[in-house]
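Structure first, commentary second.
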Amino acid sequence: MDNLPWIFISALLVNNFVLTYFLGLCPFLGVSNSLETSARLGLATTFVMLVTAVCAWVLNTYVLIHAPYLRLICFIVVIASTVQFIEMLIKKLSPALFRAMGIFLPLITTNCAILGLAIFATNRGYGFWEGIVYALGAGIGFTLALVLLAGLREEAELSSIPKLIQGTAMNLIIAGILSMAFMGFAGLFSST
Amino acid sequence: MNSLLVAPAIMVGIGLFFGTILAIAQRFLKVDEDPRIEVTNELLPGTNCGACGQPGCLPFAEKLVAGTVDPSQCTVSTKENIEQIAEFLEVDAGSQEKLVSRLRCNGGGLQAHQIAEYQGFEGCRAAAMVSGGGKGCSWGCLGLGDCEVACTFDAIHMNKNGLPQVDTEKCRACPDCVAACPRDLFELVPLSQNLFVQCNIPLAGEAATQLCSVACDACGKCVADAAPGLIRMENNLPVIDYSAGGPAAPEAVFRCATRSIVWLEGEQFQDQESRKAGGV
Amino acid sequence: MTAGANRETVTPSSLRLVLTLAIAGLISGIAIIGIYESTLPTITANKARELREAVFKVLPGVSQMQALVYRDGELVVVEEAKKDEPVVYGGYDDSREFVGYAVPAAGPGFQDTIAILYGYQPAQKLVVGMEVLESRETPGLGDKIYKDAEFVGGFSALSIDPEIVAVKKGTSSNANEIDAITGATISSKAIVRIINETHTAWSGKLPAPGSEPSIKASEPTSAEGGQ
Amino acid sequence: MRAFRRLRRNFEHGVHPAHFKEQTADLPIQRVPFGKDYVMPLGQHIGVPAQAIVTAGERVTRGQLIAEPGGFVSTGLHSPVTGTVREIGDFRGVDGRFAPAIAIEADAFATQQVDAGDGIDWEALSLEEFIKAVQMAGIVGMGGAAFPAHVKLSVPDGVTIRHLLINGAECEPYLTTDHRLMLERPEALLEGAEIMRQKLGAEETVIGIEANKPDAIKIIQQHIAPGDPVRVVPLKVKYPQGAEKMMIKSVFNVEVPAGQLPRDVGVNVNNVGTIVAIADYFLRGIPLIERVVTVAGPGVTYPANLIVPLGTPVRDVVKFCGGLKPGTREMIMGGPMMGRPIASLDVPILKGCSGVLVFTEAETARRKEYPCISCGRCLEACPYFLNPSRLARLSKARMFDEMKAYNVFDCVECGCCTFACPSNIPIVQLIRTAKDDLTHRKEPDA
Amino acid sequence: MKNNQSYEEFIKGVWRDNPVFAQVLGMCPMLAVTNSAVNAVAMGMATFFVLVGSSFLVSSFRNWIPKQVRISCFIIIIATFVTIADYTLLALVPKVHKELGAFIPLIVANCLILGRQEAFASRYPTRLAVMDAVGMATGFLLALFSLGAVREILGDGALFGVKLFGANFEPWVIMILPPGGFLTLGVILLFFNWFKFKKDEFLEDVAEAERSGH
Amino acid sequence: MKQRDPDLLLFHAPLLRQGMTTPKAMRDVLLALAPATLASMWFFGLSAVLILASCIGGAVAAEWLFADRQARGESLRDASCVLTGLLLGLTLPPGLPLWMAFLGGFIGIALGKVIWGGLGQNLFNPALLGRAFLLATFPIAMTTWVPAVTDGGFLQVYPGNLALPFMQVQIDAMSSATPLGLMKFEQEVTPLTNLMFGKTTGSLGETSGLLLLLGGVFLWLRRDLDWRIPVSILVTVVVFSAILGLFDADRFPSPLFSVFSGGLLLGAIYMATDPVTSPVTPKGAWIFGIGTGVLVMLIRVFGGLPEGVMYAILLMNAATPLIDRYTQPRVFGRGGDSQ
Ligand SMILES: Cc1cc2nc3c(=O)[nH]c(=O)nc-3n(C[C@H](O)[C@H](O)[C@H](O)COP(=O)(O)O)c2cc1C
Ligand SMILES: Cc1cc2nc3c(=O)[nH]c(=O)nc-3n(C[C@H](O)[C@H](O)[C@H](O)COP(=O)(O)O)c2cc1C
Ligand SMILES: Cc1cc2nc3c(=O)[nH]c(=O)nc-3n(C[C@H](O)[C@H](O)[C@H](O)COP(=O)(O)O)c2cc1C
Ligand SMILES: Cc1cc2nc3c(=O)[nH]c(=O)nc-3n(C[C@H](O)[C@H](O)[C@H](O)CO)c2cc1C
Ligand code: SF4
Ligand code: SF4
Ligand code: SF4
Ligand code: SF4
Ligand code: FES
């Protein structure tokens with residue numbers, strides 16, 4: 001059915017989480033004002049997504065077959081706890097890494113891109129490796145969108161954008177344009 | 001019907017499992033850090049303006065918790081906020097009088113003469129680069145509003161006479177305007193000190209008034225009319241020294257023909273003259 | 001913003017924390033179970049009806065159906081397919097005669113995965129119907145794969161021997177050719193490809209025409225977990 | 001690629017403005033008659049201002065020391081005329097600001113003659129004495145920056161100067177002072193160069209001259225005695241060929257590392273005028289009291305190359321040249337690329353002033369500013385390979401600190417970027433604004 | 001007095017502190033499901049239910065929940081309500097549920113909901129908390145509806161599936177595509193800003209007039 | 001006082017200017033596009049005139065409408081919005097309803113330029129933004145191609161042009177496919193000479209490759225464009241197709257076909273080079289060009305759409321701030337790359 005490269009490209013470009021699924025918009029709009037922060041947040045998100053994919057697979061395979069109706073609550077609790085645990089671990093083991101990435105972890109855990117990843121992967125019936133590749137594509141896609149937006153926003157800071165539109169309105173419009181540009185990727189590698 | 005049991009069982013199981021793991025983690029992986037720092041930081045305004053003399057809000061919070069600074073040194077916070085912090089940290093808020101930024105110049109477009117026409121980027125520091133921006137008085141306000149842009153708190157607006165009007169309510173005495181002005185015209189003074197010299201020209205007599213009709217010509221009348229020692233002349237300008245004499249009274253300004261020394265209550269340039277100028 | 005000033009400063013014991021969570025989980029588990037149990041019948045019925053309607057649509061003349069999976073070298077009737085186990089639906093007419101298979105299939109389309117169900121008549125190697133179950137194709141273009149009656153109608157008697165071919169509009173001449181939708185060639189071809197691929201995957205597993213499993217229950221099977 | 005570059009004997013980027021030198025290139029240097037009022041600002045050079053040693057009412061004679069150096073990076077100041085000190089106070093300078101200066105009223109009947117004496121036995125002077133002498137003589141760089149010449153002579157231990165490079169490029173349009181000096185006083189130039197070379201212990205003297213002054217190249221070559229360690233290098237005509245680091249690149253194909261000085265690559269660069277001033281002082285005993293100034297531009301009635309006593313108001317110089325034509329809009333001290341516009345005709349001619357240019361409406365009208373379209377022409381013009389477009393945008397947004405990462409302090413304000421900019425963005429001004437903010441911003445006391 | 005305050009809380013959420021237009025919260029469902037008015041309203045109602053329900057619970061139990069685990073408890077409470085909403089929709093309106101897809105479960109992660117618990121419900125008495133939730137949820141619903149309506153009208157020439165412009169209307173497909181969501185919301189926010197700006201300007205003029213009147 | 005001194009002007013040095021100005025550069029580009037514009041009128045008759053006029057009208061209307069009240073009309077003088085309108089028009093199919101063309105011009109300027117603060121401030125190419133908007137909004141109308149006028153003469157107007165505002169297009173019976181569409185969906189190759197001289201179906205301005213090249217040479221001689229960008233795009237495309245050709249020469253387009261088909265030349269010479277939205281640094285220009293070339297081929301060969309120039313340029317526009325930032329030139333006297 002779905003093959004791994006296509007899953008990856010699809011999550012990365014064609015069905016970019018932010019730009020076509022509207023997932024994780026809060027950090028997308030909130031944190032993208034600085035390039036460096038965006039890159040770090042993106043990496044942290046990718047990491048959490050990988051963790052999520054593993055958690056989701058474990059839950060789906062071992063727990064939820066007995067109680068499918070607990071899917072949502074299990075996902076959210078397990079993911080949140082796991083990430084929190086990892087956060088503590090990083091903080092203890094490598095303060096440098098923590099400063100670079102860790103501070104974003106709590107922020108990310110409660111955003112919908114993570115939960116969305118778990119739910120989509122489950123809905124599509126992805127197995128372990130498919131889930132991992134999907135998470136990787138989605139995470140890198142998220143990072144890509146975030147970094148592009150951050151670059152654009154930093155540059156736009158030098159533009160004389162009218163006062164009325166500065167702020168969220170402008171960010172949304174930039175995101176819209178970006179999303180329009182990403183439409184160019186539609187159908188990539190699906191027809192051949 | 002076994003799901004009636006399975007669900008709660010799983011839930012409780014997960015709750016217990018992760019509760020335990022996190023509890024253990026809390027114990028063994030905890031990194032010591034005074035939690036008060038974070039709380040204090042959240043109570044601060046987060047503008048990272050540096051008005052407190054620290055490089056930003058977080059360092060200020062650290063110092064607050066360490067007890068080396070007073071909460072009131074953050075001039076940007078509202079009074080309630082400062083009290084909240086003080087209460088939280090159980091320290092004295094410290095008292096600091098409200099400071100406002102005042103302009104040592106009264107020579108707007110109508111009073112100070114222009115000797116050449118400046119063309120180029122609309123900014124004071126930029127204009128100052130080009131033969132002083134063409135303003136006759138090379139100590140006075142250029143009127144291009146670098147300070148207006150610099151003020152984070154929207155406290156400065158250029159009035160119609162081309163002078164920056166500081167809103168005493170909004171001014172938080174962050175020193176942004178002081179730093180921005182290429183002519184170094186702003187001074188942070190306590191709001192309660194009403195006597196203020198709004199001229200910066202070190203020339204005396206006609207040399208001064210020739211450049212600007214409201215220039216201080218160093219006539220010395222204010223020195224004579226004020227309480228002894230309160231005002232002295234330095235570099236052809238009156239200097240007010242509250243520690244050296246007093247008390248200050250409005251009489252000192254009555255005979256100043258150019259309104260170089262004024263008795264301020266509230267904002268500067270509120271007098272009729274600049275109002276009229278605004279109407280022109 | 002936390003007004004931390006008046007928050008409690010004593011740390012409650014770990015036990016209390018764990019217990020609070022456990023109790024919250026317990027209550028929530030019970031609540032969820034409640035709603036689940038009470039909505040389950042409707043949901044199952046809805047799903048079954050939907051599936052049945054889809055199957056009846058892609059297999060004209062069918063009035064009964066059952067789920068079939070390929071286990072240990074043969075196609076067997078099941079009540080409920082296991083997860084990750086490909087399933088087809090056998091369709092039977094009023095006289096309990098086998099009519100054809102309704103095969104669920106999915107694959108990448110122009111935007112995202114397209115999921116379809118198609119009816120297959122093994123005797124003549126004909127595709128006899130196609131229904132799009134899920135797609136995110138562009139409105140106005142790609143969505144014609146289910147909105148364009150002509151295109152959908154094209155699948156009513158399409159030879160899949162050896163495979164279906166999508167051709168430019170108005171040029172289909174052979175029994176295995178279908179007109180692609182102008183402006184949505186990619187989506188059209190995607191449907192065709194999905195059917196072809198799924199067909200290939202199943203072709204070795206379906207029993208010879210005539211030896212299909214006969215219908216077991218007169219009640220239609222539940223499709224729980226099939227998709 | 002490298003070898004190819006080596007062959008080119010040039011620096012990269014830069015611009016090609018029209019020269020506009022025809023107006024004055026063939027006019028011999030004249031002397032302006034003495035006037036009445038002279039104003040000698042105490043800070044005529046980079047560094048610490050000099051300190052007045054005369055008082056109001058005191059009589060001074062031409063060439064007399066009237067102010068002493070205020071520190072090491074500071075020089076002496078001499079009275080340009082015989083007369084009376086009228087006042088010591090604040091006067092408006094070229095930068096539009098008031099600054100301390102000595103005002104002298106020239107004696108109406110004095111001859112204003114300085115005796116060209118025997119000069120000083122420079123060979124007998126130790127290096128320290130020589131440097132001190134240069135400092136007291138008030139000699140500063142006449143190439144525009146007015147950097148005290150003696151400071152450049154004080155080479156720290158471990159640094160050896162191998163080449164004395166004499167900057168005769170005069171790449172600024174309109175200006176012809178160095179050109180005329182080279183034509184009219186080649187002996188003085190070579191004598192001065194020899195003094196400098198020996199004192200610096202350099203191996204050779206190189207005189208770099210832009211190829212558009214073939215007469216100057218020829219005359220100097222004629223005056224070089226065979227065997228002298230002097231050579232003339234003709235340079236491609238391109239602005240800013242005269243910027244010292246560019247010229248070092250062109251002549252020696254060496255890039256002076258950013259933040260370092262020519263001496264760090266073993267070169268000492270001096271302007272032609274500076275060298276002549278050295279010769280005048282050590283061979284004839286005349287300190288720096290006057291200089292050659294080109295008065296030119298479409299707004300001047302009679303353009304000229306003039307010897308002007310320092311402190312002469314621009315008004316007097318312009319009057320001598322027949323006054324201003326109607327429609328005059330703009331006056332510049334220095335060249336049109338790097339000079340400073342002046343706000344008043346009363347400002348005095350200073351040591352670093354090589355020209356007075358007068359422009360009319362026609363020149364000033366076409367500077368309408370458009371938004372930056374990121375065309376990149378400024379990048380292709382900047383000889384320092386900076387990104388002027390970005391610097392200008394950042395400066396407009398008042399993001400001065402961010403500009404450090406774009407090496408704002410490497411900009412020498414040559415003006416190539418603004419010259420090339422189709423949108424007429426005042427890039428140099430914006431860059432200077434940022435530098436000023438970064439260096440002079442009044443930081444609140446912590 | 002008390003009534004008044006509740007009313008304040010309510011109106012605050014609907015207009016002044018509108019979660020979408022003023023606070024920019026809950027953007028994901030906002031954009032993801034507003035390609036038609038029906039979906040927008042369904043989502044709005046589901047969010048309404050979850051927000052009000054969990055605010056009520058959180059506020060009722062606010063003194064029992066230890067601070068350290070409060071977030072976890074909130075999440076469990078919210079997730080329970082969301083699951084309930086999910087199954088209810090699935091049972092009652094399977095078509096709409098299919099359209100909303102994964103975004104119903106994603107209500108859990110809607111920053112608005114957790115934010116309200118943290119900032120309001122866990123600190124104030126039940127009555128106020130519920131009013132606040134009702135206000136916020138209504139504001140969110142209205143925002144969803146306005147966005148969904150604009151997008152459906154332009155993108156499909158219809159509102160709630162009813163064709164408005166006749167059969168020959170050329171739909172603006174972009175409106176139902178992802179970019180249309182971003183762009184429309186951006187433009188709506190622009191108008192919101194414009195409105196605020198005009199109001200401020202007006203107030204300033206009034207103040208100015210008063211000052212010069214003295 | 002004596003004679004009155006002139007009122008002196010204070011303007012920061014340098015006081016001389018090279019002579020090229022931004023409006024002049026815009027006019028140069030308009031001039032360079034003139035041959036291709038005339039050719040489009042030759043091929044598509046009055047329809048071309050109407051569409052171009054509508055686009056320019058929409059662009060000018062937006063520019064005028066949203067300008068500051070006091071500066072109204074001022075920003076029209078630099079002709080950049082006319083250029084935007086013209087370029088947009090040249091990328092549209094000849095049978096497009098005029099109201100859509102007008103809308104495209106309007107949106108291009110409004111969304112692509114005005115909200116960013118006007119000329120020079122925008123980060124995306126306004127003309128292409130307008131086109132991307134149209135393509136996403138009216139995908140059917142935007143992908144319906146009509147062949148060049150054969151008979152009918154200059155005065156012929158495609159019926160599609162005249163659709164009422166907001167109303168559907170009655171799809172032209174005589175629609176045909178573009179060379180790229182033929183290549184992608186029918187594996188049918190159009191002869192190269194047709195591509196070069198313009199006897200193909202396609203958008204107004206893209207049909208005649210040679211005239212576009214001619215204008216490019218003119219702009220290059222006038223130093224109005226950064227030659228690195230078109231060169232690197234074209235070279236990348238050629239190399240990319242040559243490599244694909246090694247695998248399967250029949251399935252993939254030949255290098256020359258790739259260069260002359262579709263909007264590549266128009267995009268590479270006139271749109272990717274829009275100075276505002278492309279990197280300023282020389283190294284950045286190379287990266288931008290190579291990136292655009294790769295994306296064009298990726299979308300053309302592996303993507304769902306037959307043509308990808310527009311999306312490729314827009315995507316690279318989005319990456320331009322990053323490219324610019326990480327390709328700062330080496331500063332004189334500083335060894336390694338700065339930053
Ligand atoms: C915005 C947009 C959306 C599109 N969506 C689809 C789609 O969903 N399915 C599809 O097959 N083609 C879609 N296309 C069209 C394809 O890109 C391609 O042009 C078309 O399949 C070619 O078909 P034709 O050769 O029959 O005209 C879309 C095009 C655009 C511009
Ligand atoms: C401590 C110090 C030492 C200097 N030494 C030298 C030197 O050895 N050689 C030299 O050419 N310039 C020297 N300079 C001067 C600088 O290079 C000066 O900026 C330059 O001469 C002015 O030239 P410009 O007109 O190109 O800016 C020195 C400057 C300082 C502050
Ligand atoms: C852009 C630029 C152009 C310059 N052009 C000249 C020039 O044409 N002639 C010259 O003598 N000095 C020129 N200078 C000054 C030289 O860099 C250098 O300071 C001078 O030659 C040193 O000699 P001085 O100290 O004797 O003036 C220029 C400097 C800059 C930055
Ligand atoms: C070489 C060159 C190419 C240009 N290309 C475009 C273009 O593709 N699209 C456009 O809208 N404007 C173009 N412009 C005009 C101008 O840069 C454009 O309107 C700005 O993007 C608006 O800020 C071009 C200008 C020049 C000089
Ligand atoms: S910038 Fe000046 S006026 Fe503004 S708040 Fe700070 S001190 Fe006050
Ligand atoms: S006070 Fe200073 S910064 Fe403000 S307008 Fe005047 S000169 Fe400019
Ligand atoms: S030359 Fe002018 S318009 Fe061009 S990039 Fe530089 S600053 Fe911008
Ligand atoms: S002025 Fe500075 S930025 Fe401009 S060209 Fe010269 S060195 Fe480069
Ligand atoms: S609603 Fe906040 S990240 Fe999606």
Side-chain angles (χ1 to χ4, degrees), chain C residues 1-51 53 110-112 115 132-143 183 227, chain E residues 32 35-36 53-54 57-58 61 63-95 97-99 101 115 118-120 122-124 151-152 155-158 169-180:
Chain C
M1 273 232 287
T2 42
N6 40 18
R7 278 282 151 96
E8 51 205 297
T9 33
V10 252
T11 321
S13 72
S14 303
L15 187 65
R16 177 158 170 227
L17 301 187
V18 174
L19 274 185
T20 316
L21 276 182
I23 293 173
L26 185 72
I27 298 173
S28 120
I30 293 173
I32 291 177
I33 265 299
I35 187 83
Y36 176 71
E37 291 291 341
S38 53
T39 53
L40 187 61
T42 337
I43 294 173
T44 325
N46 282 345
K47 271 198 179 156
R49 198 185 60 237
E50 253 171 56
L51 181 71
E53 277 168 7
F110 181 78
Q111 269 296 337
D112 210 341
V132 176
L133 299 177
E134 223 179 286
S135 95
R136 286 185 66 241
E137 305 298 273
T138 319
L141 283 174
D143 69 355
Q227 278 264 330
Chain E
N35 48 10
S36 79
S54 45
L57 273 191
V58 165
F61 292 97
N63 295 328
W64 297 16
I65 302 173
K67 180 185 155 216
Q68 284 77 1
V69 292
R70 68 180 192 285
I71 301 278
S72 316
C73 286
F74 297 166
I75 289 182
I76 292 180
I77 293 176
I78 298 170
T80 310
F81 276 101
V82 173
T83 312
I84 294 175
D86 195 17
Y87 279 109
T88 315
L89 280 177
L90 184 56
L92 299 183
V93 276
K95 280 236 166 62
H97 185 272
K98 191 176 164 192
E99 291 270 313
E118 172 72 3
F120 206 94
S122 61
R123 294 170 191 205
Y124 290 89
R151 288 179 70 186
E152 187 177 349
D156 207 14
F169 175 75
E170 174 78 29
W172 295 33
V173 178
I174 193 173
M175 286 297 162
I176 10 189
L177 297 180

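In what follows, every heavy atom counts, from backbone to side chain, and hydrogens, waters and symmetry copies are set aside. Per chain, numbering begins at 1; letters A, B, ... match sequence-line order.
Between C/Ser28 and E/Thr80, the shortest heavy-atom distance links the atoms CB-OG1, 3.0 Å. Considering every non-hydrogen atom in both E/Cys73 and C/Thr20, the closest pair reads SG-CG2, 4.0 Å.
One distance of note links OG1 of C/Thr42 with CG of E/Leu92; it measures 7.5 Å at 0.5 Å rounding. Once rounded to the nearest 0.5 Å, the distance linking CZ of E/Phe81 with CD1 of C/Ile35 reads 11.0 Å. Distance check: C/Thr138 OG1 to E/Ile174 CD1 gives 12.0 Å after rounding to the nearest 0.5 Å. Considering CD1 of C/Ile32 and CD1 of E/Ile76, their distance stands at 9.5 Å, rounded to 0.5 Å. Atoms NZ and CG, on E/Lys98 and C/Asn46 in that order, are 12.5 Å from each other to the nearest 0.5 Å. Between atom CG of residue E/Leu90 and atom OH of residue C/Tyr36 there is a gap of 10.5 Å, rounded to the nearest 0.5 Å.
Only the side chain of E/Pro94 has a heavy atom closer than 4.5 Å to any heavy atom of chain C. In this structure, chain C has heavy atoms under 4.5 Å from both the backbone and the side chain of E/Ile84.
Other residues, nucleotides and ligands contribute more than 12 heavy atoms inside 6.0 Å of the CZ atom of E/Phe169.
Residues that satisfy the salt bridge (charged side-chain N to carboxylate O under 4.0 Å, His left out) test with C/Glu50, not counting sequence neighbours, are absent from this structure. In this structure C/Asp143 satisfies the salt bridge (charged side-chain N to carboxylate O under 4.0 Å, His left out) test together with C/Lys147, sequence neighbours excluded.
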